[in-house]
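Have a look at the structure below, then the notes.
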Amino acid sequence: MNIQDVLRMDHNKVNTLFTEILKSKDAQKIQEYFGQLYKDLSVHSDAEEEVLYPRVRPFYGDANTQKLYDEQAKMRTVLAQLQNISPASAEFKEQIRLLMDDVMDHVRQEENTMFAAIRNNMSTQESEELASQFKAAKSRIQQQIEGTKTQAQRV
């Protein structure tokens, strides 16, 4: 698998979670989906910032890459705010809709322009190696998050 395939799978999963949140009427289900969305978006964006963006910046450009970093910073802020809103509220769904719009715009930029830049500037082998590095980073970040939760539960 190349890096585009791995990213596309993550993007599709996040889109599915947004859809499930927006169509559900069950506050507990919404909370579960949001928990998964929060985790998936956090791990994905951290891995992109650690592994992917530094690697593509030389050929994708400083301005384009910085825009991706900025969009993810905004996403983190919105995710943090959503944690303080009741999943049963209309405000929660409205904020989820806005976040979904922003995230899917970000996804489109990556899949349309960044993927083309990767295809034009990286060999198949480099793209596959980048995919392996990205998956390894996601796994490590996921373990760190779970380790932090376990420590917090002990306190």
Side-chain angles (χ1 to χ4, degrees), residues 1-25 29-85 87 90-146:
M1 288 180 78
N2 63 32
I3 188 64
Q4 298 98 311
D5 295 333
V6 173
L7 294 172
R8 201 172 285 110
M9 285 185 354
D10 282 2
H11 294 163
N12 290 340
K13 183 178 181 196
V14 163
N15 189 40
T16 299
L17 288 168
F18 274 122
T19 302
E20 291 299 327
I21 290 169
L22 291 173
K23 78 177 187 184
S24 182
K25 305 263 189 267
K29 277 285 186 206
I30 294 169
Q31 187 63 47
E32 289 171 20
Y33 291 134
F34 176 70
Q36 187 65 49
L37 178 75
Y38 187 99
K39 183 177 75 170
D40 288 356
L41 283 173
S42 298
V43 169
H44 176 90
S45 61
D46 286 356
E48 280 184 332
E49 291 177 4
E50 180 182 313
V51 174
L52 179 66
Y53 296 165
R55 181 70 176 84
V56 302
R57 179 173 242 143
F59 56 80
Y60 191 53
D62 286 338
N64 287 335
T65 306
Q66 189 59 50
K67 182 179 182 213
L68 295 172
Y69 280 108
D70 293 346
E71 289 169 351
Q72 292 194 157
K74 180 183 175 191
M75 176 203 68
R76 283 187 183 90
T77 300
V78 174
L79 284 171
Q81 291 168 345
L82 278 162
Q83 288 187 303
N84 299 315
I85 301 172
E91 180 188 1
F92 185 87
K93 289 262 181 117
E94 183 56 34
Q95 291 302 313
I96 284 288
R97 246 182 231 95
L98 295 173
L99 178 62
M100 180 180 178
D101 289 346
D102 287 347
V103 169
M104 297 322 290
D105 283 346
H106 178 88
V107 164
R108 278 187 289 280
Q109 180 185 348
E110 285 184 351
E111 291 187 1
N112 292 334
T113 60
M114 188 181 71
F115 283 15
I118 290 169
R119 276 191 304 278
N120 294 333
N121 291 279
M122 295 180 83
S123 69
T124 301
Q125 182 179 348
E126 289 172 321
S127 180
E128 289 171 355
E129 288 171 3
L130 187 56
S132 294
Q133 293 166 6
F134 180 78
K135 289 191 291 190
K138 278 182 54 181
S139 179
R140 183 181 38 72
I141 292 163
Q142 182 67 44
Q143 288 173 347
Q144 289 171 341
I145 290 171
E146 289 170 4

Gap between atom [atom2] of [Y] and atom [atom1] of [X] - 0.5 Å precision:
| X | Y | atom1 | atom2 | result |
| --- | --- | --- | --- | --- |
| L99 | I21 | CG | CD1 | 8.5 Å |
| Y33 | T16 | OH | OG1 | 10.5 Å |
| H106 | M114 | NE2 | CE | 7.5 Å |
| S139 | Q144 | OG | CD | 10.0 Å |
| R119 | N2 | CZ | CG | 9.0 Å |
| S45 | L68 | OG | CG | 11.5 Å |

Considering all heavy atoms, the nearest [X]-[Y] contact:
| X | Y | answer |
| --- | --- | --- |
| F134 | E48 | CE1-N, 3.5 Å |
| P54 | Y69 | CD-OH, 3.7 Å |
| Y38 | A80 | CE1-N, 4.3 Å |
| R108 | D101 | NH2-O, 4.4 Å |
| N121 | E126 | O-OE1, 4.1 Å |

Give the C-alpha distance, both sets of side-chain angles, the deciding distance and a yes or no for side chain to side chain contact (heavy atoms under 4.5 Å, CB included) between M75 and V103. CA-CA 7 Å; M75 176 203 68; V103 169; 4.2 Å; yes

Looking at [X] and [Y], does any basic side-chain N land under 4.0 Å from a carboxylate oxygen?
| X | Y | result |
| --- | --- | --- |
| R55 | E129 | no |
| E20 | K29 | no |
| R140 | D46 | no |

When you compare the side chains of Q142 and E146, does any donor N or O come within less than 3.5 Å of an acceptor on the partner? yes

Could you go through E49 and Q72, starting from their C-alpha distance and side-chain angles, then the distance that decides it, and tell me whether this counts as side-chain hydrogen bond (donor to acceptor under 3.5 Å, both in side chains)? CA-CA 9 Å; E49 291 177 4; Q72 292 194 157; 3.0 Å; yes

So [Y] and [X], do their side chains get closer than 4.5 Å, heavy atoms only?
| X | Y | answer |
| --- | --- | --- |
| V14 | H44 | no |
| L52 | L7 | yes |
| L79 | F34 | yes |
| V78 | L98 | no |
| E71 | D105 | no |
| N15 | M100 | yes |
| D5 | M9 | no |

TODO: Please work out which of the three classes, parallel, tilted or perpendicular, describes the rings of F115 and H11, given edges at 30° and 60°.
DONE: parallel

*asked:* For Q125, is the CD atom crowded, meaning more than 12 foreign heavy atoms sit under 6.0 Å from it?
replied: no

With a 3.5 Å distance limit and no angle check, can you tell me whether K93 reaches the backbone of L22 through a side-chain donor-acceptor pair? yes

From the list I3, L130, V6, side-chain contact (heavy atoms from CB on, under 4.5 Å) with K135 holds only for V6

Only distances under 3.5 Å count here; give the side-chain donor-acceptor pairs of residues 59-66 to other protein atoms, sequence neighbours excluded, each with its distance to 0.1 Å.
from : atom 1 : to   : atom 2 : distance (Å)
Y60  : OH     : Q109 : NE2    : 3.1
Y60  : OH     : T113 : OG1    : 2.6
D62  : OD1    : R57  : NE     : 3.1
N64  : ND2    : Y60  : O      : 3.0
T65  : OG1    : G61  : O      : 2.7
Q66  : OE1    : R57  : NH2    : 3.2
Q66  : NE2    : D70  : OD1    : 2.9

